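Read through the structure below, which is laid out as C-alpha coordinates, and then see the notes.
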Protein chains: 2
Amino acid sequence: MAESAEPAADVESSCEEVRGILSRVGEKWAPQVMARLDSGPRRFNELLRLEAPITPRMLTVTLRGLESDGLVTRTVHPTVPPQVEYGLTRAGRELFGIVHTVVNWTDKNLEAVHAARAAYKTTNG
Amino acid sequence: MAESAEPAADVESSCEEVRGILSRVGEKWAPQVMARLDSGPRRFNELLRLEAPITPRMLTVTLRGLESDGLVTRTVHPTVPPQVEYGLTRAGRELFGIVHTVVNWTDKNLEAVHAARAAYKTTNG
DNA sequence: CTGAATCCGGGATGATACTG
DNA sequence: CAGTATCATCCCGGATTCAG
(Lines give C-alpha, C1' and ligand atoms only; values in the text may rest on other atoms or scores of the structure.)
Protein backbone atom coordinates (compact mmCIF):
# COMPACT_ATOMS: atom_id res chain seq x y z
CA MET A 1 0.00 0.00 0.00
CA ALA A 2 2.34 2.67 1.09
CA GLU A 3 4.66 2.39 -1.90
CA SER A 4 5.82 5.84 -2.88
CA ALA A 5 3.92 6.66 -6.04
CA GLU A 6 4.57 10.35 -5.51
CA PRO A 7 7.58 12.48 -6.42
CA ALA A 8 9.15 10.92 -3.35
CA ALA A 9 11.79 13.22 -1.94
CA ASP A 10 15.15 11.60 -1.30
CA VAL A 11 15.81 10.24 2.16
CA GLU A 12 19.23 11.83 2.27
CA SER A 13 18.13 15.33 1.35
CA SER A 14 16.21 16.30 4.47
CA CYS A 15 17.75 13.50 6.47
CA GLU A 16 18.13 15.21 9.82
CA GLU A 17 14.67 16.72 9.56
CA VAL A 18 13.12 13.33 8.93
CA ARG A 19 15.04 11.88 11.84
CA GLY A 20 13.71 14.68 14.01
CA ILE A 21 10.11 13.92 13.06
CA LEU A 22 10.64 10.17 13.42
CA SER A 23 12.12 10.71 16.86
CA ARG A 24 9.28 13.05 17.76
CA VAL A 25 6.48 10.60 17.00
CA GLY A 26 8.68 7.84 18.40
CA GLU A 27 8.71 9.45 21.83
CA LYS A 28 7.17 7.18 24.40
CA TRP A 29 3.80 8.87 24.80
CA ALA A 30 3.52 10.76 21.53
CA PRO A 31 1.50 8.20 19.55
CA GLN A 32 -1.10 7.73 22.31
CA VAL A 33 -1.49 11.44 22.89
CA MET A 34 -1.84 12.11 19.17
CA ALA A 35 -4.40 9.32 18.91
CA ARG A 36 -6.37 10.88 21.72
CA LEU A 37 -6.25 14.35 20.19
CA ASP A 38 -7.16 12.96 16.78
CA SER A 39 -10.66 12.35 18.10
CA GLY A 40 -11.04 15.94 19.26
CA PRO A 41 -9.50 18.63 21.48
CA ARG A 42 -8.74 17.69 25.06
CA ARG A 43 -7.76 19.41 28.27
CA PHE A 44 -4.65 18.64 30.26
CA ASN A 45 -6.28 16.64 33.02
CA GLU A 46 -8.44 14.77 30.55
CA LEU A 47 -5.33 13.51 28.82
CA LEU A 48 -3.73 12.86 32.17
CA ARG A 49 -6.58 10.55 33.14
CA LEU A 50 -7.05 8.94 29.75
CA GLU A 51 -3.37 8.16 29.22
CA ALA A 52 -2.67 7.06 32.77
CA PRO A 53 -0.21 6.15 34.14
CA ILE A 54 1.51 9.05 32.39
CA THR A 55 2.87 11.64 34.82
CA PRO A 56 2.11 15.37 34.54
CA ARG A 57 5.72 16.01 33.69
CA MET A 58 5.84 13.58 30.78
CA LEU A 59 2.51 14.81 29.45
CA THR A 60 3.85 18.36 29.47
CA VAL A 61 7.12 17.33 27.85
CA THR A 62 5.27 15.36 25.18
CA LEU A 63 2.79 18.13 24.42
CA ARG A 64 5.51 20.79 24.33
CA GLY A 65 7.54 18.72 21.92
CA LEU A 66 4.62 18.16 19.59
CA GLU A 67 3.67 21.82 19.85
CA SER A 68 7.17 23.00 19.01
CA ASP A 69 7.02 21.03 15.77
CA GLY A 70 3.64 22.46 14.84
CA LEU A 71 1.77 19.19 15.33
CA VAL A 72 -0.30 20.30 18.30
CA THR A 73 -2.00 23.55 19.24
CA ARG A 74 -2.21 24.87 22.77
CA THR A 75 -5.10 27.22 23.54
CA VAL A 76 -5.28 29.00 26.87
CA HIS A 77 -8.67 30.20 28.05
CA PRO A 78 -8.05 32.96 30.63
CA THR A 79 -10.64 31.71 33.07
CA VAL A 80 -10.47 30.78 36.69
CA PRO A 81 -9.55 28.10 37.27
CA PRO A 82 -7.21 28.08 34.25
CA GLN A 83 -8.30 26.03 31.26
CA VAL A 84 -6.05 24.84 28.46
CA GLU A 85 -7.10 22.95 25.37
CA TYR A 86 -4.85 20.88 23.16
CA GLY A 87 -5.63 19.79 19.63
CA LEU A 88 -3.98 18.46 16.49
CA THR A 89 -3.04 20.80 13.66
CA ARG A 90 -3.72 19.86 10.05
CA ALA A 91 -0.12 18.73 9.74
CA GLY A 92 -0.47 16.80 12.96
CA ARG A 93 -3.53 14.96 11.70
CA GLU A 94 -1.74 14.12 8.46
CA LEU A 95 1.27 12.79 10.31
CA PHE A 96 -0.91 10.77 12.64
CA GLY A 97 -2.46 9.22 9.56
CA ILE A 98 0.99 7.98 8.62
CA VAL A 99 1.58 6.72 12.14
CA HIS A 100 -1.63 4.80 11.71
CA THR A 101 -0.21 3.03 8.67
CA VAL A 102 2.63 1.91 10.92
CA VAL A 103 0.02 0.58 13.33
CA ASN A 104 -1.51 -1.38 10.50
CA TRP A 105 1.90 -2.63 9.36
CA THR A 106 2.67 -3.76 12.90
CA ASP A 107 -0.66 -5.49 13.20
CA LYS A 108 -0.09 -7.30 9.92
CA ASN A 109 3.51 -8.26 10.65
CA LEU A 110 3.23 -9.02 14.36
CA GLU A 111 3.86 -12.73 13.97
CA ALA A 112 6.77 -12.21 11.62
CA VAL A 113 8.38 -9.75 14.02
CA HIS A 114 7.96 -12.07 16.98
CA ALA A 115 9.30 -15.00 14.99
CA ALA A 116 12.31 -12.95 13.93
CA ARG A 117 12.99 -11.94 17.52
CA ALA A 118 12.73 -15.52 18.73
CA ALA A 119 14.99 -16.76 15.95
CA TYR A 120 17.47 -13.99 16.62
CA LYS A 121 17.56 -14.74 20.32
CA THR A 122 18.10 -18.42 19.59
CA THR A 123 20.89 -17.88 17.09
CA ASN A 124 22.59 -15.21 19.18
CA GLY A 125 22.48 -14.36 22.89
CA MET B 1 -3.34 10.74 1.37
CA ALA B 2 -2.46 8.53 4.22
CA GLU B 3 -5.88 8.65 5.87
CA SER B 4 -6.69 5.23 7.20
CA ALA B 5 -9.21 3.83 4.74
CA GLU B 6 -8.33 0.30 5.81
CA PRO B 7 -9.66 -1.71 8.78
CA ALA B 8 -7.18 0.36 10.75
CA ALA B 9 -6.17 -1.45 13.89
CA ASP B 10 -6.51 0.58 17.05
CA VAL B 11 -3.49 2.47 18.30
CA GLU B 12 -3.98 1.21 21.81
CA SER B 13 -4.24 -2.48 20.99
CA SER B 14 -0.68 -3.20 19.92
CA CYS B 15 0.61 -0.04 21.50
CA GLU B 16 3.93 -1.25 22.82
CA GLU B 17 4.65 -3.13 19.65
CA VAL B 18 4.07 -0.04 17.56
CA ARG B 19 6.26 1.96 19.88
CA GLY B 20 8.97 -0.65 19.43
CA ILE B 21 8.82 -0.39 15.66
CA LEU B 22 8.66 3.39 15.78
CA SER B 23 11.70 3.44 18.03
CA ARG B 24 13.48 0.99 15.79
CA VAL B 25 13.14 3.03 12.61
CA GLY B 26 13.68 6.13 14.72
CA GLU B 27 17.17 5.02 15.71
CA LYS B 28 19.75 7.44 14.54
CA TRP B 29 21.13 5.52 11.58
CA ALA B 30 18.23 3.18 10.80
CA PRO B 31 16.53 5.26 8.10
CA GLN B 32 19.74 5.85 6.15
CA VAL B 33 20.78 2.23 6.32
CA MET B 34 17.33 1.05 5.25
CA ALA B 35 17.36 3.52 2.38
CA ARG B 36 20.72 2.18 1.26
CA LEU B 37 19.57 -1.42 1.45
CA ASP B 38 16.35 -0.59 -0.34
CA SER B 39 18.37 -0.10 -3.51
CA GLY B 40 19.91 -3.54 -3.21
CA PRO B 41 22.01 -5.77 -0.92
CA ARG B 42 25.21 -4.30 0.49
CA ARG B 43 28.25 -5.52 2.33
CA PHE B 44 29.38 -4.23 5.72
CA ASN B 45 32.23 -2.06 4.53
CA GLU B 46 30.16 -0.71 1.66
CA LEU B 47 27.62 0.60 4.14
CA LEU B 48 30.42 1.83 6.36
CA ARG B 49 31.78 3.96 3.53
CA LEU B 50 28.43 5.08 2.14
CA GLU B 51 26.98 6.12 5.50
CA ALA B 52 30.14 7.72 6.85
CA PRO B 53 30.75 9.04 9.45
CA ILE B 54 28.99 6.08 11.05
CA THR B 55 31.31 3.98 13.19
CA PRO B 56 31.64 0.18 12.80
CA ARG B 57 30.08 -0.26 16.19
CA MET B 58 26.98 1.80 15.43
CA LEU B 59 26.58 0.11 12.05
CA THR B 60 26.66 -3.26 13.76
CA VAL B 61 24.22 -2.17 16.44
CA THR B 62 21.85 -0.74 13.84
CA LEU B 63 21.98 -3.78 11.59
CA ARG B 64 21.55 -6.20 14.50
CA GLY B 65 18.53 -4.27 15.69
CA LEU B 66 16.89 -4.28 12.30
CA GLU B 67 17.74 -7.95 11.86
CA SER B 68 16.25 -8.90 15.21
CA ASP B 69 12.93 -7.38 14.14
CA GLY B 70 12.98 -9.21 10.83
CA LEU B 71 13.52 -6.10 8.73
CA VAL B 72 16.99 -6.99 7.50
CA THR B 73 18.63 -10.24 6.43
CA ARG B 74 22.23 -11.11 7.14
CA THR B 75 23.84 -13.60 4.76
CA VAL B 76 27.30 -14.99 5.46
CA HIS B 77 29.26 -16.36 2.54
CA PRO B 78 31.90 -18.72 3.95
CA THR B 79 34.70 -17.44 1.74
CA VAL B 80 38.10 -16.06 2.50
CA PRO B 81 38.21 -13.25 3.19
CA PRO B 82 34.80 -13.36 4.89
CA GLN B 83 31.89 -11.82 3.02
CA VAL B 84 28.59 -10.77 4.55
CA GLU B 85 25.65 -9.34 2.69
CA TYR B 86 22.81 -7.35 4.20
CA GLY B 87 19.44 -6.80 2.56
CA LEU B 88 15.87 -5.76 3.33
CA THR B 89 13.20 -8.38 3.92
CA ARG B 90 9.76 -7.99 2.35
CA ALA B 91 8.49 -6.58 5.63
CA GLY B 92 11.49 -4.27 5.75
CA ARG B 93 10.78 -2.93 2.28
CA GLU B 94 7.16 -2.35 3.20
CA LEU B 95 8.09 -0.52 6.36
CA PHE B 96 10.62 1.58 4.53
CA GLY B 97 7.85 2.53 2.12
CA ILE B 98 6.01 3.99 5.10
CA VAL B 99 9.15 5.75 6.27
CA HIS B 100 9.28 7.24 2.81
CA THR B 101 5.82 8.74 3.28
CA VAL B 102 7.22 10.43 6.37
CA VAL B 103 10.02 11.76 4.20
CA ASN B 104 7.43 13.18 1.82
CA TRP B 105 5.43 14.62 4.71
CA THR B 106 8.55 16.27 6.08
CA ASP B 107 9.43 17.68 2.69
CA LYS B 108 5.96 19.10 2.29
CA ASN B 109 5.73 20.51 5.80
CA LEU B 110 9.29 21.71 6.24
CA GLU B 111 8.40 25.38 6.28
CA ALA B 112 5.50 24.87 8.67
CA VAL B 113 7.73 22.91 11.04
CA HIS B 114 10.45 25.52 10.99
CA ALA B 115 7.93 28.30 11.48
CA ALA B 116 6.42 26.46 14.44
CA ARG B 117 9.85 25.98 15.99
CA ALA B 118 10.72 29.63 15.55
CA ALA B 119 7.39 30.74 16.98
CA TYR B 120 7.75 28.34 19.90
CA LYS B 121 11.25 29.55 20.64
CA THR B 122 10.07 33.16 20.55
CA THR B 123 7.07 32.60 22.81
CA ASN B 124 8.97 30.42 25.23
CA GLY B 125 12.69 30.01 25.97
C1' DC C 1 -6.14 23.05 37.29
C1' DT C 2 -1.87 23.20 34.88
C1' DG C 3 1.99 22.77 35.15
C1' DA C 4 7.58 23.76 36.88
C1' DA C 5 11.92 22.26 39.54
C1' DT C 6 14.98 18.86 40.90
C1' DC C 7 17.26 14.54 41.13
C1' DC C 8 18.49 10.25 39.26
C1' DG C 9 19.16 5.65 36.71
C1' DG C 10 19.57 3.41 32.36
C1' DG C 11 19.94 3.12 27.60
C1' DA C 12 21.53 5.24 23.31
C1' DT C 13 25.47 7.15 21.01
C1' DG C 14 30.32 7.93 20.24
C1' DA C 15 35.77 7.47 20.31
C1' DT C 16 39.32 4.43 20.28
C1' DA C 17 41.71 0.32 19.96
C1' DC C 18 41.97 -4.54 19.04
C1' DT C 19 40.86 -9.39 16.54
C1' DG C 20 39.55 -13.99 13.81
C1' DC D 1 36.82 -8.08 5.65
C1' DA D 2 33.75 -7.78 9.35
C1' DG D 3 33.33 -7.06 13.21
C1' DT D 4 34.24 -6.89 19.06
C1' DA D 5 35.75 -4.69 23.58
C1' DT D 6 36.04 -1.00 26.50
C1' DC D 7 35.22 3.42 28.30
C1' DA D 8 33.02 7.99 28.32
C1' DT D 9 29.02 10.92 27.53
C1' DC D 10 24.58 12.50 26.87
C1' DC D 11 19.72 12.54 26.81
C1' DC D 12 15.23 10.26 27.73
C1' DG D 13 12.03 9.13 30.96
C1' DG D 14 10.33 8.43 35.77
C1' DA D 15 9.61 9.80 40.88
C1' DT D 16 8.89 13.31 43.80
C1' DT D 17 7.87 17.74 45.32
C1' DC D 18 6.35 22.47 44.84
C1' DA D 19 3.90 26.69 42.64
C1' DG D 20 0.78 30.29 40.06
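Values below: every heavy atom of this structure, side chains too, minus hydrogens, waters and symmetry copies. Just so it is clear, the model here is predicted, and its values are computed rather than measured. Letters A, B, ... mirror the listed sequences (proteins, then strands); counts begin at 1.
- Distance, A:Arg49 CZ to C:dC1 P: 8 Å, rounded to whole Å.
- Nucleotide D:dG13 holds its P atom 13 Å from the CG atom of A:Leu59, rounded to whole Å.
- Judged by closest nucleotide on DNA chain C, A:Thr60 is the one of B:Val61 and A:Thr60 placed further toward the 5' end.
- The distance between atom CG of B:Leu48 and atom P of C:dA15, rounded to the nearest whole Å, is 13 Å.
- Heavy-atom nearest nucleotides on DNA chain C were determined for A:Pro81 and for B:Lys28, and the one closer to the 5' end corresponds to A:Pro81.
- Within the structure, a side-chain polar atom (N or O) of A:Tyr86 is placed less than 4.0 Å from OP1 or OP2 of C:dG3.
- For B:Arg57 and D:dG3, a side-chain-to-base donor-acceptor distance below 3.5 Å is absent, hydrogens and geometry of angles not being considered.
- OP1 or OP2 of D:dG3 has at least one side-chain nitrogen or oxygen of B:Arg74 nearer than 4.0 Å.
- With D:dC1, C:dG3, D:dG20 as the candidates, the nucleotide lying closest to the side chain of A:Pro56 is C:dG3.
- Contact annotation: A:Trp29 reaches the phosphate of D:dG14 (side-chain N/O to OP1 or OP2, under 4.0 Å).
- Of the inter-residue distances, the one linking B:Ser23 atom OG with A:Glu27 atom CD reads 10.0 Å to the nearest 0.5 angstrom.
- The distance from atom CZ of A:Arg64 to atom C1' of D:dG13 is 17 Å, rounded to the nearest whole Å.
- Each of B:Gln83 and B:Arg19 has a nearest nucleotide on DNA chain D; the 5'-most of these lies closest to B:Gln83.
- One atom, CE of B:Met58, and another, C1' of D:dA5, lie 15 Å apart when rounded to the nearest Å.
- Across the protein-nucleic acid pair, B:Glu27 atom CD and D:dC10 atom P stand 21 Å apart, rounded to whole Å.
- Ranking C:dT2, D:dC1, D:dG3 by closeness to the B:Phe44 side chain, first place goes to D:dG3.
- Taking 4.5 Å as the limit, every side-chain heavy atom of B:His77 sits out of range of all side-chain heavy atoms of B:Val84.
- Atom-to-atom, CD of A:Glu67 to P of C:dG3 comes out at 9 Å; the value is rounded to the nearest Å.
- Using a 4.0 Å cut-off between charged side-chain N and carboxylate O, B:Glu51 and B:Lys28 make no salt bridge.
- Nearest heavy atoms, A:Leu37 versus A:Leu88: CB-CG, 3.8 Å.
- Using a distance-only test at 3.5 Å, with no hydrogens or angles considered, a donor-acceptor pair links the side chain of B:Trp105 to the main chain of A:Ala91.
- Taking atom CG on A:Leu47 and atom P on C:dG3, their separation rounds to 10 Å, with Å as the unit.
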